[in-house]
There are 2 protein chains.
Amino acid sequence: MEKQKRTTIYDIAKKLNLNASSVSRALSGNSNVSETTKALILKTAKELNYRQNSMASNLRKGENQTIGIVVPRINQNFFANAIAGIEEVTYQKGYNLIICQSNESAEREIKCIDTLINQHVSCIILSTSADFEDNSHLKSLAEHDIKLIQFDRVDETLDTYKVLSGNEEAAFEAVSHLIEQGYKRIALLEGPQNLSIFRERKAGYLAALKKNGFPVIKELIRENAWTRELGAIATENLLALPEPPDAIFASTSDFAALGVLDVAQSKGINVPQQLGICGFSNEDFTEITQPSITTIDQFSKEIGKSIANLYFQKIKKGTVADLIKVVNIKPKLVVRNSTLKNG
Amino acid sequence: MEKQKRTTIYDIAKKLNLNASSVSRALSGNSNVSETTKALILKTAKELNYRQNSMASNLRKGENQTIGIVVPRINQNFFANAIAGIEEVTYQKGYNLIICQSNESAEREIKCIDTLINQHVSCIILSTSADFEDNSHLKSLAEHDIKLIQFDRVDETLDTYKVLSGNEEAAFEAVSHLIEQGYKRIALLEGPQNLSIFRERKAGYLAALKKNGFPVIKELIRENAWTRELGAIATENLLALPEPPDAIFASTSDFAALGVLDVAQSKGINVPQQLGICGFSNEDFTEITQPSITTIDQFSKEIGKSIANLYFQKIKKGTVADLIKVVNIKPKLVVRNSTLKNG
DNA sequence: TTGTACGCGTTATCAG
DNA sequence: CTGATAACGCGTACAA
């Protein structure tokens, strides 16, 4: 019942009457080893079921090939897909991923970052929590020589690489589409304005109104309506107005759009004829609802890949600081039935 | 532009004219250090922004506090929640998680396992891919002193700890519910029979029929109908029978149930009056569809927690082999509109 | 081409 | 209670 000892380079060196360093060289493949001994080493390594001890290797090399990810939720489609995209690249490079959820809490986010610092990860990929305010926990990363890549929900004031989708542009397109379809009073559900993505989406909304000569009606703009429940409440209020909207752009998320649909259905309001609905993010369920929900696809998996490539191609080498540190992945409007007033 | 050197226990020892070992002791908290020096050490550790190097620590201690997870897909609710449950426990213990997706491919699964072996993780938590057949890659884990916990989709022949939900029981309950509601011809969509969970669910279906004196009608049982598309195809075929079913139990997944609903709606068949539908897993969207879908909640987050607790409470210590190695988390039938024939 | 020797940052085991 | 020292497994500059 004694502890299994894993085979090390010493074990295989001993067996071959060689030195451990030769084994190390042969295994890493870079340096000069004679073909014959190399073959011999590889063969017995396989026989002895050798696996490199990454802890020792990383310790020696001074870097652990691990990347930490911090996202609000792992089980939202946008993030799950982004992670899948990241994994696809890092997997090939032999890097590991440590995944943390902040659960939309800044406090928990700080803890996650702290854990990752303790793990001495090479890089942290972050999308901030909803109540993000203070960024001091991020500033400290530099002292620990940990790279930071922000995506989607970013702190703009921080000078890091960022991977974003064109939020303003997408919102502009969505609202323009609503206008084209003949909607006249378009409401906006907006998210916490401390997050730049939500400010940008609002800007896109405003720009589209302006371009088409529509007035900005303050009572049609609702703050902090970014969950299913909050979206529903906001919708109740909007529909109770003397002049209710004939379309609602849930710029915050598809979940909010779902809340809108809930209320519309409970009130027997016809979507899209009496009320147009547009969401954001292209969650899977938007295709399933009755009617299906128009939304914006952010190519989340592409975003993930971009992030990982950014790290390997630019940041890791990290000698010259780039001037352009922002990558934009252009999103796409996905038109579905919830806004098709004119078939 | 030179590389930041992280502070080590030597740095803080030097500053205090102490020995590194004292610092180590103070930091780990276990051993005997005088209160005063301990306080002093902790204080300057904080000042110097010290973080333990886990690579070095783990190397020295001979175990890396990391657990690997291999699941078919990270973005299915069941798995995402299970992972969240695992994380909740491991996070507190200071353990890290490495997450891999097999994408339902045995080949990829083997690669994932291999990567995790290379990482020398302490434990692997696995739910097998759909085309799982050979288990030799799992047998080799013991040689590397890596514990294995299987959950949900398990290889029964392997003598490991397993965390399961009562699949047979749940299927029995679901079919009994359909019978109670007055459905007479209940079809079954079943999954790949190489996976035990699907065999168990089928057994539950058969048992419920038997108990209620219903005949087993072979043509109502459809193999490999376990995605939305395959579920739809199977439904097309079922509905084309001379005597079509009046209820379909999509034992494989809610996705298959969704495929059933697709077809019913395209054919103008009333659910639940003309056709009852029951899924499996309680994916979020089952609540959103029209009508909402009756399904089975497996308490996936609980399953995750159980797995992690199993590791820390029993397996890690790992001296005495347990006789009972299977933990069952009892699932629950969630009745929704798709089966409520009698309101 | 191969061997020697050292250090990565910790912790465990001895002494003192 | 504290200090010195070895060892975890690997990679690499240097010497042979």
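Computed from heavy atoms alone, side chains included, the values below leave out hydrogens, waters and symmetry copies. Every chain is numbered from 1, with letters handed out A, B, ... down the list of sequences. This one's a predicted model, so the numbers in the text were calculated from it and none came from an experiment.
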How long is the line joining [atom1] of [X] and [atom2] of [N], in whole Å?
X	N	atom1	atom2	result
A/M55	C/dG9	CE	C1'	14 Å
A/I9	D/dC8	CD1	P	12 Å
B/N64	D/dG9	CG	C1'	13 Å
A/Q119	C/dG9	CD	C1'	14 Å
A/Y50	D/dG11	OH	P	6 Å
B/K14	D/dA4	NZ	P	14 Å
B/N17	D/dG3	CG	P	9 Å
B/E63	C/dA12	CD	P	11 Å

Check the phosphate of [N] against [X], side-chain N and O only, distance under 4.0 Å to OP1 or OP2. Yes or no?
X	N	result
B/S57	C/dT11	yes
B/T37	D/dT2	yes
B/T8	C/dC8	no
B/Y10	D/dG3	no

Handout entry: Upstream residue (5' side of DNA chain D) when B/N19 and A/R51 are each assigned their closest nucleotide
Key = B/N19

Determine, for [X] against [Y], whether the closest basic-nitrogen to carboxylate-oxygen distance falls under 4.0 angstrom.
X	Y	result
B/E109	B/R153	no
A/D11	A/R6	no
A/D159	A/K325	yes
B/R51	A/E143	no

Classify the nucleic acid contact of [X] as base, sugar-phosphate or nothing, counting any heavy atom under 4.0 Å across all strands shown.
X	result
B/N53	sugar-phosphate
B/S54	nothing
B/S24	base
A/S34	sugar-phosphate

Exercise for the section: Report the end-to-end axis angle of the helix from C/dT1-D/dA16 to C/dG16-D/dC1; each axis comes from five terminal pairs, and the value is rounded to 10°. Expected result: 40°

By nearest atom, which of the nucleotides [options] is closest to the [X] side chain?
X	options	value
B/V33	C/dT10, D/dT2, C/dA5	D/dT2
B/L59	D/dC8, C/dT11, D/dT2	D/dC8
A/S22	C/dT2, C/dG9, D/dT5	C/dT2
B/R60	D/dC10, C/dG3, C/dA12	C/dA12

Problem - Chi angles and distances behind the side chain to side chain donor-acceptor pair (under 3.5 Å) call for B/N103, B/S105 - result: CA-CA 5 Å; B/N103 286 322; B/S105 142; over 6 Å; no

Practice task
Please work out whether the ring planes of A/F132 and A/H137 are parallel, tilted or perpendicular, with thresholds of 30° and 60°.
Solution key: tilted

Handout entry: Residues that A/S24 engages under side-chain contact (heavy atoms from CB on, under 4.5 Å), provided they are two or more places apart
Key = A/I9

Handout entry: Heavy atoms of other groups near A/E47 CD, more than 12 under 6.0 Å
Key = yes

